[in-house]
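For reference, the structure is listed below as structure tokens.
FYI, side chains are in, hydrogens and waters are out, and symmetry mates aren't considered; it's all heavy atoms of this structure. This structure is a prediction, so every number in the text was calculated from the model and none was measured. Positions are given from 1 along the sequence.
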Amino acid sequence: MKTSSIGRKLVMSISGMFLILFLILHLAINLTSLISREAYEAACRFMDEHPLIQIMVPVLALGFMVHILMGIFLTIQNRKSRPQGYQVKGKIRKVSWASKNMFALGLIVLGLLVIHLGHFWARMQLQHWMGHEGDNPYDLVKTLFSNGWYVAMYMVWILALYFHISHGFWSMFQSMGMTNSKWIPRLQVISKIYSHIIMIGFMLIPIYFFLGFGQP
């Protein structure tokens, strides 16, 4: 049972790396929309047509989904095995808010991800794979982020993602056996830097378009 649990946590950690890589790639592409219409459209064409990207993105996305599903499974298993009403007396280790709410944060990320995919992926990449033209990527981003409700939902999504990865990034390495007292604090710093880059980068885009800075 212990070996099985370790194996699941290892799968959770490795699939978490897919999420880390997927977010960086996605952010790099999305930030080109702040440069110009032409730059963003060229980046989207690159994503749609480059053979390596065509292989890499589905693999990273699959790892992302495995991470989510494994997280749900582990949370359910942990709650079933934990005695109700049991309390540990004595010194209590300080646990971050994000750590205590990883499951809830993950559900928010998953729920809003489904909505986001329905608005973007289904109307662009999916249409391209099906041989259809699909919506113009720049016009679609501009239209959706001119809607205040959609921008608010997107911000909640990014905040949930921020808290989730701010804890998950460094704990991923800890689950893989990296428990060195010198490296854990360093990984926590790297985690904060990475999660802030992701949060600020993704939030800049809806703010930019909502304030009307997009090109016609």
Side-chain angles (χ1 to χ4, degrees), residues 15-69 105-166 194-216:
S15 61
M17 289 185 176
F18 284 76
L19 171 60
I20 298 299
L21 294 172
F22 182 82
L23 288 173
I24 283 293
L25 175 63
H26 197 51
L27 178 60
I29 296 298
N30 285 4
L31 285 176
T32 61
S33 65
L34 305 184
I35 300 174
S36 68
R37 171 187 286 272
E38 293 75 19
Y40 184 60
E41 290 176 351
C44 289
R45 281 196 301 273
F46 175 78
M47 293 288 288
D48 287 338
E49 299 171 3
H50 196 283
L52 180 60
I53 297 296
Q54 291 295 298
I55 297 172
M56 184 171 64
V57 171
V59 171
L60 293 178
L62 178 61
F64 189 175
M65 293 307 298
V66 169
H67 182 77
I68 293 171
L69 295 174
L105 290 168
L107 287 180
I108 294 172
V109 170
L110 176 60
L112 296 180
L113 173 64
V114 172
I115 297 173
H116 185 66
L117 289 175
H119 284 105
F120 281 97
W121 180 78
R123 294 168 64 177
M124 293 193 298
Q125 287 92 344
L126 179 60
Q127 296 300 316
H128 179 80
W129 292 349
M130 294 174 65
H132 303 148
E133 185 175 349
D135 291 9
N136 177 276
Y138 191 86
D139 289 337
L140 183 58
V141 169
K142 185 178 177 181
T143 299
L144 287 173
F145 286 144
S146 65
N147 185 313
W149 286 106
Y150 191 84
V151 171
M153 180 198 72
Y154 190 87
M155 292 296 190
V156 170
W157 182 40
I158 298 303
L159 279 173
L161 190 61
Y162 162 77
F163 284 113
H164 189 80
I165 60 178
S166 66
Y194 173 84
S195 56
H196 275 85
I197 289 173
I198 292 298
M199 178 182 68
I200 294 170
F202 276 112
M203 283 188 169
L204 278 175
I205 300 165
I207 291 172
Y208 176 85
F209 285 98
F210 185 70
L211 294 178
F213 293 122
Q215 294 177 328

Which word best sums up how the rings of Phe213 and Tyr208 line up, parallel for under 30°, tilted for 30 to 60°, or perpendicular for over 60°?
tilted
[atom2] on [Y] to [atom1] on [X], rounded to 0.5 Å:
X	Y	atom1	atom2	answer
Leu21	His26	CG	NE2	14.5 Å
Leu140	Phe145	CG	CZ	9.0 Å
Ile158	Tyr162	CD1	OH	13.0 Å
His164	Leu159	NE2	CG	14.5 Å
His119	Met153	NE2	CE	6.5 Å
Glu41	Tyr138	CD	OH	9.0 Å

Got a sec, which pairs hit side chain to side chain donor-acceptor pair (under 3.5 Å) with one end in residues 142-158, sequence neighbours left out?
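Non-adjacent pairs meeting side chain to side chain donor-acceptor pair (under 3.5 Å): His116-Tyr150.
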Does [X] reach the side chain of [Y], with side-chain heavy atoms less than 4.5 Å apart?
X	Y	value
Arg37	Asn136	yes
Met199	Leu161	no
Val151	Phe209	no
Leu31	Leu27	yes

Is Tyr40 reaching over with its side chain to a backbone N or O of Val141, donor-acceptor style, under 3.5 angstrom?
no
Taking all heavy atoms of Ile165 and all of Tyr194, pick out the closest pair and write down the distance.
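In terms of heavy atoms, the two residues are closest at CD1-CE2, 3.7 Å.
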